[in-house]
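The structure appears below as structure tokens.
Computed from a predicted model, the values in this text were never measured in an experiment. Order of listing sets the numbers, starting from 1, for every ligand and every atom in it.
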Amino acid sequence: MKDMKRFETAVIHEGYDSLQHQGSLIPPLFQTSTFTFPTAQAGAERFAGEADGYVYSRLGNPTVKILEERIALLEQGEAALAFASGMAAVSATLFHLTKSGDHIICSEGVYGCTFGFLKLLEEKHYITHDYIPMDSEENLRAAICDHTSCIYIETPINPTMALIDLEMVARVAKEFDIPVVVDNTFCSPYLQQPLTLGCDYVIHSATKYIGGHGDVIAGIVVGPKNELETISTTTLKDIGGVIAPFNAWLLLRGLKTLPIRVDRHCDNAIKIAEHLKNHPQVEKVYFPGDKDFPQYELALKQMRRPGGMIGFEVKGNLEDAQRFLNQCRLIKLAVSLGDAESLIQHPATMTHSVIPKAERLKMGIKDNLIRLSVGLEAWEDIWDDLKQALDHLTNSNEPNEQTLK
Ligand code: 3LM
């Protein structure tokens, strides 16, 4: 692996030399579907893998390559592969690491569509999985069986913010030679680097903090070079969930400000979490930067800073949660996260609605749980908006009988 410059420098410079590109300060956008061959023999050699050179943008593209090299470095991995979406990255990685009859161990809680994909693997490909509370070595060891072929983790878990000790999981997994895959979307490489803690693969929905501007859907996997080469020439090539070159270019642009943006997201979230905790209409706040958060020590151990995501429960039921959400003005009612705009959503009926209620509750997703992606606005304005919406709950005395089936 190459030495990395300081993170703040690497996000701007790694993987690109302007002098190799006619002095263009900004990486060129190779907006092309195909690449011409100088001769038939050269084309044949490229197809046979005997000569370097681009062929077709589903198989590789120079703009995408710059992005991949930069992100591999930022995550301290050997290589990276970009995808059309976070879910394309999740599904390709899980396809690569499993075959029929295998078993996956999962954190007790994952993003709703990851839950959906695991269900699909089970129903159509006989690849089973167990969601387990990965809070101790004993629990993890007890879940491992002879056909466990990977451990899949989100930390912080979307949307409950529960953390998993990555170093502990990696240590146990090594004993059994089982690869550990970490969805690092909520942190970005700036806040947490799972590969440095012994994990094997990192996945990002680059749609979120890496892009940072709400204008791209994309995904990234970082991991061992030989494994990613296999994914590139099988699952990625043949299923075809490739990133568009323009989206890779936008991600390179977004990445340059990642540390600055994420620091500001964290500063704002710390203030907002403090204020939420003290509002009478808030029952509970889930934020790794809160000293009362049960895993505060673990957050200090494996995350540079607490991140910009907050979960909180409003007093009441589903209808109260919806009444609160309908009252937000500056904060936009939308799924997704990591954008300049503060975004708020209701996991039970939105991002995690595909999960049956009993399982959702086991994961800690109650009907009154709200997820807030704290944006880059002045924190006082974000708080003013939350406060007026919470105060509205205090003032309203409508009956609230409805619950989610
Ligand atoms: C969301 N999440 O609002 P894309 N991994 C994690 C994620 O949070 C997501 C993905 C993977 C949300 C998207 S819900 C319809 C909107 C931890 C996405 C998938 O394929 O790039 O969306 O990433 O929580």
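- Listed by atom number, the atoms of ligand 1 under 4.0 Å from Ser85 heavy atoms are 20 (O), 21 (O).
- With hydrogens and angles left out, the side-chain atoms of Ser57 and Asn61 include a donor and acceptor closer than 3.5 Å.
- The closest approach between a heavy atom of Met350 and any atom of ligand 1 is not below 4.0 Å.
- The Thr351 neighbourhood of ligand 1 comprises atoms 1 (C), 3 (O), 14 (S), 24 (O), with distances under 4.0 Å to a heavy atom of that residue.
- Taking 4.0 Å as the cut-off, Ala89 does not count as a neighbour of ligand 1 on heavy-atom distance.
- Considering backbone and side-chain atoms alike, Gly86 places an N or O below 3.5 Å from some N or O of ligand 1.
- If you check which protein heavy atom lies closest to atom 17 (C) of ligand 1, you get Asp183 OD2, 3.3 Å.
- Using a 4.0 Å cut-off between a side-chain N of Lys or Arg and a carboxylate O of Asp or Glu, Lys174 and Asp200 qualify as a salt bridge.
- What sits closest to atom 7 (C) of ligand 1 on the protein, heavy atoms only, is Tyr111 CG, 3.7 Å.
- Tyr190 and Asp263 share a side-chain donor-acceptor pair at under 3.5 Å.
- With a 6.0 Å radius and a threshold of 12 heavy atoms from other residues, nucleotides or ligands, Asp52 has its CG atom at or below the threshold.
- Between the side chains of Tyr131 and Glu359, no donor-acceptor pair of N or O atoms lies under 3.5 Å.
- Using a 4.0 angstrom heavy-atom cutoff, Gly219 does not count as in contact with ligand 1.
- Of the heavy atoms in Ala88, none comes closer than 4.0 Å to ligand 1.
- At least one N/O-N/O distance between Met87 and ligand 1 falls below 3.5 Å.
- Those atoms of ligand 1 with a heavy atom of Thr207 less than 4.0 angstrom away are 4 (P), 21 (O).
- We find that Arg305 and Asp267 are joined by a salt bridge, their nearest charged nitrogen and carboxylate oxygen being less than 4.0 Å apart.
- When hydrogens are left out, the protein atom nearest atom 22 (O) of ligand 1 is Lys208 NZ, 3.6 Å; that is the closest non-hydrogen contact.
- Of the N or O atoms in Asn158, one or more lie within a sub-3.5 Å distance of an N or O in ligand 1.
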>> Quick one, Arg171 with Glu175, criterion salt bridge (charged side-chain N to carboxylate O under 4.0 Å, His left out). Give me CA distance, side-chain angles, the key distance, then yes/no.
In response: CA-CA 7 Å; Arg171 182 162 27 84; Glu175 278 178 40; over 6 Å; no
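- The distance between the ring centers of Tyr111 and Phe186 does not fall below 6.0 angstrom.
- One side chain, Thr349 or His346, offers a donor N or O that lies under 3.5 Å from an acceptor on the other.
- Residue contacts with ligand 1 for Ile203 are absent, since no atom lies close enough (heavy atoms, distance under 4.0 Å).
- Residue Arg371 places a heavy atom under 4.0 Å from ligand 1.
- The contact set between ligand 1 and Ala218, taken as ligand atoms under 4.0 Å from a residue heavy atom, comprises 21 (O).
- Between His129 and Tyr152, the ring centre distance reaches or exceeds 6.0 Å.
- Taking the six-membered ring wherever Trp is involved, the centroid distance between the rings of His204 and Tyr209 does not fall below 6.0 Å.
- Closest to atom 23 (O) of ligand 1 among all protein heavy atoms lies Ser205 OG, 3.0 Å.
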